[in-house]
Amino acid sequence: MSDNIFVTNNNVDNQDLPKQYDPLVAQSRWSRYWDDLGLFQVGRNSIERSVKGSFCVVIPPPNVTGALHMGHALNNTLQDITVRMKRMQGYDTLWIPGVDHAGIATQAVVEKRLFEEEKLTRHDIGRDALVGRIWNWKEKYQTRIIEQLKGMGCSCDWSRTRFTLDEICAKAVRYFFFNLFKQNLIYRGKRLVNWDTHLQTAVSDDEVFYETVDGNFWHIKYPIVEPKVDEFEFVIVATTRPETMLGDTAVAVHPDPENAINKIHNDIKKRLETASEKEKSDLQKELDNIESLKSSGQIERLKKLAQLAKSGCKIKLPLSGRIIPLIADAWAKPDKGTGCVKITPAHDPNDYEVGLRNDLPMINILNKDGTLNSAAGVYEGLTIKAAREKVVSDLDAGGFLHLVEERTIELAHSDRSKTPIEPFLHDQWFVKMASLAQTAIDTVKNGEVKILPERYTKGYIDWLSEKRDWPIGRQLWWGHRIPIWSCKNVTKNEIEKTFNNRNDISFIRDDESGEWRICSLEEDLPEDAIKDRQLVREEDVLDTWFSSALWTHSTLGWPDVCGDLEYYYPTGVLITNRDILTLWVARMVLAGKFNTGKKPFHEVYIHPTILDKYGERMSKSLGNGVDPISVITKFGADAMRFGLAFLTTENQDIRLVLDFECPYCGAVVEQTKKNRKLPKIQCPKCKKNFRTQWAEKDDDKNLPEGMMINERFEVARNFCNKLWNAARFVLLSLGDKKIDSVTINKNLGSELLEDKWILSRLATVTRDVTQMFETYHYAEAVRLLYDFAWDEFCSFYLEMVKSRLSDNNDNNDNNSNNGNNDNGNNGQSLVAESILVYVLRNLICLLHPVTPFVTEEIWQRLRKLDSNLAVSVAVAEWGIADNSAVNVEIEERFKIFQELLRAIRDVRASRNIPPKDEIKFAVKCNKTTATLLKPMEKYFLTMAKAKATEWGESVEIPEFAATTPLTGMDLYVDLSGVINLNEEIKKLEKEIEKIKNFITAKEKKLDGDFIKKAPKQIVEKEQQSLTDLKEQLNSATNAIKKLIKIKSNQNL
RNA sequence: GGGCGAUUAGCUCAGUUGGUUAGAGCGUCUGGUUUACACCCAGAAGGUCAGCGGUUCGAGCCCGUUAUCGCCCACCA
């Protein structure tokens, strides 16, 4: 949103009521208004607090890597709905916004840009310069993100906007780290990490994806040097990564190949018994393989090798000539490869385990940049790819290459840089998870924190149950630097003397290196902190999740225990996507518990994922994200929010098909995988170029924009317009007339069916919508509101009230401020007006959380009629369901009216009776129904242009009648002059056929065990239904007989 | 390999604990310049609820199974 469209004048004019609601005007006007009033800023430590207490939500901080897409739009829409409702319900409501520094991702984006534009790497410009550039990037995108959130109408307290790398968050990080360190929960270990050679950092398992690539399977001969056995000159190992052989420290064979192969054999056989047809063929193949393996003598060879291994066998590694042992380890599977496997502990996760078990040396052959190091001997300095080629050709030249197969390999890639991962032995900081994870498990298991929908609980608990230690170091420059200083050649005494029992310093000796590691709570230690010694600060920064884990309490000022933390923590609900349930949510629970002793939130609501038209997750990295501002510009923020909430159901992800609309000719240009990232697109119809949201160059930007369109947002936009026009009708009808709450309350007791009905419906809807929102059933709540507003309030109540209001206009003095009852019509119309305004006000309140802008626009205009209304609908009182108004019987009775009206309209439409022509009808029904419907006569006239002639048990049936048998009543519409006898007979025949079918089915049902076993109520219902059907059949039969008689008379 | 979810009208999706004849929007068709709204109004057509089997008086819903699709986790010398 640019500033120039802000309208400073909030003084709405009720004479100025355009037919079409303009969302952009309302958005700028009311955003500004809310800001000026500070409605969403909650006073810090204020003394006056709501009796209802507090309700706080923290935003899942979006990464500053880029702008928000529709996935964020959904996430924040749902939060805003909940937050706005709670605020209206009277809670002290606080929604804290902010953004995440997203270490790896953001640094990667900036580095990539740096290279693309200036051909520079981070090493060229240095740490400070790179971090400076990332800060600039961060400023740009934080601004953009906040702008987007504001544009959506999010009711955050912007004055509290936090950034995971700002001072307040940094302080929390230091305290968290220090306390963990002090409790010995942080340690440094050598671990095999997923090394991204491009970004030169370790990435977590969760940041790795696998991709199928073409590769080879090399079988290499390793000569046996001791003992000399005739039948085994060498062992053959197979590998997809031959260059890693330079780091081999053993070859393994299974200790008991025979039993192992038999076990596999039996397992397959067992599975074959229960397998499906499709699986069978695969299994059979496997079985055949095993059997041929068994008969080939391979197992015998492996058995002998296992013997050799156990008695100590030495192998000479080709190329380097290093001597390595043949070991017996169950990791070597006799049915895979050659049955023997090379062990490279420093470069393969499984081999690493084998290495640990067998106490093997671990030889790292890689540099951090992915080239080979000095351990690789003559291969030093080569890239992995070059080394592979050279190793293979050298092996071949030396006669060590036994066989080369082609095969596809699942190759690990870094999610961030999209380059292959190299397993790499690296020093790494870890958090011990055992007790922390258990706390987080217990917190959910005992119900302290509820995860909704409940089915997600399992994933959370399973993940935590593995209790894998958390690697928290990242070899990056963008992040919270680890607050540890190392010192060599120092004694404990010197350290103790220097820090003199300071409780903000903690230190421990690293057994492996003999260095001391000193952790400082707040102060950054200078190099010379210890006399004559040098402190070296840890280079690495912390995992991003380490700081976002604190988000719920760091944003509220922890570790400072201030009023805010006490008042707003634990927060109410966390609303987020399922992909970070473990990485983020689980860690927030354990960090919250560890730091504050309290859970971070009462509930976690997991919402659906926004997918694109191909079912792919909308994401920043995929590039398929659609900017919500584009949707807002086209349809309005309310429509976007309404559309998204409407799609938020229990268990279905949301496939959002967004296409471009050509700005010249209006043609719909499908968004495809090819064009979805293009800055400009040529319209296939008019052949002109338009720009997209991805335009960056000035040339492109100057083109008109092709908007993103979607059917659901169109529906939502139409709804907003409908609502606006309903309000417009009310405002135009009332003119300057004031309707205050006293007048309204006086008139709510109206005895008219339609009044009681709409009040009952409003109460029911209020109750249900509240419940649905409170349990995060957004789509259900929105559907109830949509139906109520459109089908009940607009299509019925407004239509019915029209005649009552126009009565009024004839006799009424427009300037009268109160309804003096000096004539009957006036009193009557005042009742209608009161209820009309009352229902509209309540409806506006219920809709406000979903569509804040249009409801504010209307609310401000309603304030002209009653200045006692709240200054903004955002702080108006949430509708409290008036249970006394709920009247199921009235609602049922009104349905009869609706059924009859629809039947009359159907007769009109199907007989092509011109809308201007009035028709006459009679209804045969019991006394109760007649009494009910008689007062509604005028509505049949205004709503269906149909005049009632008679109601009752026996009515005079017009000679030329269209007969419609309904439940408990028969409708006769006089068709004199327009009747087509043949058509009418045909229609009735069809009707009779239908009714007969129902009767047959019903009789069959009532004949069996149903009567004996089904609940009495259900049986009675069915019997009543059968009686009704029989009556309908009877009416239809009589009617058809009559028509046939007329027809034969005519033929005479 | 383990787990989770989905399959309902031409399309996009609802459908609470099993209970009359399974709903909505869009699209289609018919008819409408009704002073709130054509971003509208009135009406209609359109479904073997993926297949098979079971439980039950009764299944879109519960159980088993098959097929197809999606997601998450683990593994692949």
Side-chain angles (χ1 to χ4, degrees), chain A residues 17 19-21 205-206 210 217-218 237-241 244 252 276-278 331-333 336-344 348 350-351 409-410 455-456 458-459 462-463 466 578-579 581-582 609 611 615-617 635 639 646-647 649-657 710-712 714-715 717-733 777 779-780 783 786-787 791 794-795 798-799 802 902 905-910 912-916 942-945 994 997-998 1001-1002 1005-1006 1008-1015 1017-1019 1021-1022 1024-1026 1028-1029:
Chain A
L17 297 166
K19 281 189 175 188
Q20 260 186 26
Y21 167 64
D205 289 347
D206 308 295
Y210 290 86
F217 202 39
W218 285 274
V237 296
T239 180
T240 54
R241 298 160 63 212
T244 62
S276 65
E277 284 308 312
K278 204 183 121 191
W331 162 240
K333 304 284 186 277
K336 285 193 172 169
T338 62
C340 295
V341 60
K342 63 193 273 300
I343 303 296
T344 324
D348 182 281
N350 294 298
D351 292 6
I409 319 163
E410 295 293 305
R455 75 188 121 95
Y456 291 113
K458 190 171 154 39
D462 287 352
W463 186 82
E466 291 184 22
R578 79 173 92 84
D579 58 340
L581 179 63
T582 52
T609 303
L611 311 174
E616 285 181 287
R617 200 169 90 83
F635 297 104
F646 215 158
L647 287 164
T649 52
E650 261 306 93
N651 43 22
Q652 193 103 300
D653 281 341
I654 300 172
R655 215 157 85 233
L656 210 53
V657 180
N710 167 280
E711 180 215 305
R712 304 299 293 240
E714 209 171 305
V715 168
R717 181 253 266 139
N718 294 353
F719 175 77
C720 293
N721 194 54
K722 184 76 178 174
L723 188 71
W724 165 250
N725 273 289
R728 184 168 175 264
F729 169 76
V730 173
L731 292 165
L732 289 173
S733 306
H777 290 85
E780 178 70 7
R783 213 200 73 225
Y786 183 93
D787 291 347
D791 299 339
C794 290
S795 293
L798 287 192
E799 291 304 324
K802 274 179 184 171
R902 171 188 284 261
R905 285 168 164 177
D906 182 25
V907 170
R908 291 199 73 110
S910 57
N912 283 322
I913 300 170
K916 282 173 190 154
T942 55
M943 296 171 82
K945 204 130 202 203
K994 211 168 101 188
N997 284 341
F998 285 144
K1002 199 108 343 196
K1005 188 173 187 180
L1006 282 162
D1009 287 342
F1010 176 74
I1011 293 181
K1012 276 180 262 168
K1013 298 195 178 170
Q1017 276 178 321
I1018 303 291
V1019 176
K1021 232 180 180 178
E1022 287 296 312
Q1024 180 58 46
S1025 163
L1026 181 62
D1028 289 343
L1029 282 168

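Just so it is clear: chains get the letters A, B, ... in the order the sequence lines come, proteins before strands, and each one is counted from 1. Heavy atoms only: backbone and side chains are in, while hydrogens, waters and symmetry mates are out. Computed from a predicted model, the values in this text were never measured in an experiment.
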(request) Report which part of the nucleic acid A:C794 touches: base, sugar-phosphate, or nothing (heavy-atom distance under 4.0 Å, all strands). (result) base

(request) Measure from CZ on A:R578 to C1' on B:C71 and round the result to the nearest Å. (result) 6 Å

(message) Could you tell me how far apart A:F646 (CZ) and B:G15 (P) are, to the nearest whole angstrom?
(response) 12 Å

(request) Kindly point out which of B:G19, B:U20, B:A36 is positioned nearest to the side chain of A:R728? (result) B:A36

(message) Among B:A36, B:G19, B:A14, which nucleotide has an atom closest to any side-chain atom of A:A726?
(response) B:A36

(message) Looking at B:C37, I'd like to know if its phosphate oxygens (OP1 or OP2) sit under 4.0 Å from a side-chain N or O belonging to A:K19.
(response) yes

(request) Nearest whole angstrom, please: distance from the P of B:A24 to the CD of A:E711. (result) 15 Å

(request) Quickly work out the A:E714 CD to B:C11 P distance and round it to whole Å. (result) 19 Å

(message) Does B:C40 have its OP1 or OP2 closer than 4.0 Å to a side-chain nitrogen or oxygen of A:N718?
(response) yes

(request) Scan side-chain atoms only and decide if A:T244 and A:K342 contain a donor-acceptor pair under the 3.5 Å cut-off. (result) yes

(message) From the set B:A36, B:C57, B:C4, return the single nucleotide nearest to any side-chain atom of A:E799.
(response) B:A36

(message) Between A:R617 and A:D579 (salt bridge meaning N to carboxylate O under 4.0 Å), is one present in this structure?
(response) yes

(request) State the pairing partner of B:C11; accept Watson-Crick or G-U wobble contacts with both distances under 3.5 Å, and report none otherwise. (result) B:G25

(request) State whether A:D653 and A:R578 are salt-bridged, where the test is any N-O pair (Lys NZ or Arg NE/NH1/NH2 against Asp/Glu carboxylate O) under 4.0 Å. (result) yes

(message) Side chain of A:L732 only, heavy atoms from C-beta on: which candidate in B:G19, B:C13, B:A36 is closest?
(response) B:A36

(message) Just to be sure I understand the rule, does A:N725 reach a base, reach only the sugar-phosphate, or reach nothing, if contact means heavy atoms closer than 4.0 Å?
(response) base

(request) Nearest whole angstrom, please: distance from the C1' of B:G18 to the CD1 of A:I1018. (result) 10 Å

(request) Would you classify A:P914 as touching base, sugar-phosphate or nothing, given that sugar-phosphate means primed atoms plus P, OP1 and OP2, and contacts are heavy atoms under 4.0 Å? (result) nothing

(message) Need one value for A:R655: base, sugar-phosphate or nothing, where a base atom within 4.0 Å counts as base even if backbone is also close, heavy atoms only.
(response) sugar-phosphate

(message) Let's see if you can work this out: which of B:C57, B:G32, B:A36 has an atom nearest to the side-chain heavy atoms of A:P915?
(response) B:G32

